[in-house]
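Computed from a predicted model, the values in this text were never measured in an experiment. As a basis for the values below, the full set of heavy atoms in this structure was taken, side chains included, without hydrogen atoms, waters or symmetry mates.
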Amino acid sequence: VYSIIATNVLPRLSGDAFTAGIELSASRLLRLAIAFLGLTISASVWMKLGSVGVVVVLINLAFAFLFGSFFCRYVLKMGGALSVLLGVGTCICGASAIAATGPAIRAKAEEIGVSLAAITLFGLLAMFAYPALFDGPLGAWLENNHLAYGIWTGMGVHETAQVIAAASQVEGAVGIAMSSKSVRIFMIGPIILVASYLFGRFDRSGHQKGGVKMVVPAFGVVFVINSVVCALLDSYSVQIGLVGYYWPSAKAFLSGNVIPFLLATAFVGVGSKVKFSSIARLGARPFAVAAFIAILAGLIALTMAATVSPYIS
């Protein structure tokens, strides 16, 4: 967001002298960051929630993605790339998912920019709304169950930091919220592959292409492979430590320093390509759609959380 503002207020920051760096950050560096992110998201997250928990998270995720991708595109007549970006931003992890999926589906800079702005706005609103609703009318309906609140927060709030902030308002909810959120983050790789295939079947006007080839983004595949590697390193961290390599410290350094730096730099590159004039041409409709998807996905997550929380330990 800051880079979008700076680019438009101080045009020299996006001049020809910075073009090469902006392109590098918004493309190759972004793909590298997403690939490395897999090393901190263990594939073992599937085991933490149990089968019931994983199923409800995936149902909610699939709904947000498919609704954003198809309903918004064919019923509301929005652009295909913009619909996909709003869907993945809601169902996965906000800005990271949008920035990762955008290049894979050849989205325009303004489509990425307006998606980032909309998802960030409603993610922030959700961060404050969820605790307030739980302290108010919904707390009694959920029987003040911290597990139900944690699952709801983990499934419904967009960004990881926002999930932690919202879940920490209720004692004992952060762990289950982050388990739910981790399953969503893990799906960033598979969703990139699915989005690339679905979007690749149609041109920008919505007509199906002939002789469609499946384009597999390498960084999405590497993300999944690294998640499996992370699970193996987590499982054998004690044995690995005996030979002088302490994986938990390396993982903490990656997740706390290297990856945030790479993602932040990549986001600056993405934001630096966005112009206010281009966003203005898209109008207020994407923001209304993002709000509608967020509310609907949150309501479904709330219903599922209340239903399955007795089965989650």
Side-chain angles (χ1 to χ4, degrees), residues 45-72 75-76 86-95 97 118-187 191 286-313:
V45 296
W46 300 96
M47 308 301 293
K48 295 181 180 180
L49 286 177
S51 58
V52 174
V54 168
V55 167
V56 298
V57 172
L58 292 180
I59 289 175
N60 195 64
L61 182 153
F63 165 78
F65 174 67
L66 294 174
F67 183 85
S69 301
F70 292 98
F71 182 82
C72 296
V75 177
L76 301 181
L86 291 174
V88 299
T90 301
C91 75
I92 303 293
C93 53
I119 291 299
T120 300
L121 171 62
F122 295 111
L124 288 172
L125 292 176
M127 182 178 73
F128 294 103
Y130 279 48
L133 290 171
F134 186 74
D135 289 338
L138 294 182
W141 186 66
L142 292 175
E143 300 179 346
N144 295 312
N145 187 333
H146 68 280
L147 292 179
Y149 176 75
I151 295 172
W152 176 38
T153 305
M155 288 196 295
V157 180
H158 297 346
E159 299 277 0
T160 300
Q162 296 164 354
V163 169
I164 295 173
S168 63
Q169 302 304 307
V170 175
E171 185 176 356
V174 174
I176 193 72
M178 283 308 300
S179 293
S180 302
K181 179 62 175 173
S182 294
V183 172
R184 292 169 62 194
I185 297 173
F186 175 85
M187 289 299 292
I191 283 291
F287 289 87
V289 170
F292 185 61
I293 298 175
I295 292 172
L296 204 54
L299 289 174
I300 293 176
L302 175 63
T303 303
M304 289 183 173
T307 303
V308 305
S309 59
Y311 305 99
I312 305 295
S313 61

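- Separation of atoms CE (Met155) and CD1 (Ile59) is listed at 9.5 Å; rounding is to 0.5 Å.
- Residues Leu138 and Trp152 form a side-chain contact, since some pair of their non-hydrogen atoms from C-beta on lies under 4.5 Å apart.
- Ala294 and Thr90 get closest at one heavy-atom pair: CA-CG2, 4.3 Å.
- The structure places CZ of Phe128 at 7.0 Å from CG of Leu124, a figure rounded to the nearest 0.5 Å.
- With respect to Val57, the side-chain contact (heavy atoms from CB on, under 4.5 Å) criterion is satisfied by exactly one of Ser180, Ser179, Ser182: Ser180.
- Contact between Lys181 and Glu159 at its shortest, heavy atoms only, is CE-C, 3.9 Å.
- Taking 4.5 Å as the limit, every side-chain heavy atom of Ile185 sits out of range of all side-chain heavy atoms of Ile92.
- At a threshold of 4.5 Å between non-hydrogen side-chain atoms, the residues Leu58 and Met187 count as touching.
- Phe63 contributes atom CZ, which lies 8.0 Å from atom CD1 of Ile293 (distance to the nearest 0.5 angstrom).
- Closest approach of Val163 and Gly154 over heavy atoms only: CG1-CA, 4.2 Å.
- Put simply, CG on Leu142 and CG on Leu147 are 11.0 Å apart, with the number rounded to the nearest 0.5 Å.
- For Phe122 and Phe287, the ring centers sit 6.0 Å or farther from each other.
- Scanning both residues, Leu86 and Ala118, for their nearest heavy atoms gives CD2-CB, 4.3 Å.
- Atoms SG and NE2, from Cys91 and His158 in turn, are 10.0 Å apart once rounded to the nearest 0.5 Å.
- Ring orientation note: the planes of Phe292 and Phe67 are tilted relative to one another, at an angle of 30° to 60°.
- In this structure a side-chain-to-backbone donor-acceptor pair under 3.5 Å is missing from Arg184 to Leu61.
- Put simply, OG1 on Thr303 and CG on Asn60 are 9.5 Å apart, with the number rounded to the nearest 0.5 Å.
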Would Met178 and Thr160 count as a side chain to side chain contact (heavy atoms under 4.5 Å, CB included) here? Give the steps. CA-CA 8 Å; Met178 283 308 300; Thr160 300; 3.6 Å; yes
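- Heavy-atom minimum distance, Ala167 versus Ala177: CB-CB, 3.6 Å.
- The minimum heavy-atom distance linking Ala166 with Thr153 is given by the pair CB-CG2, 3.7 Å.
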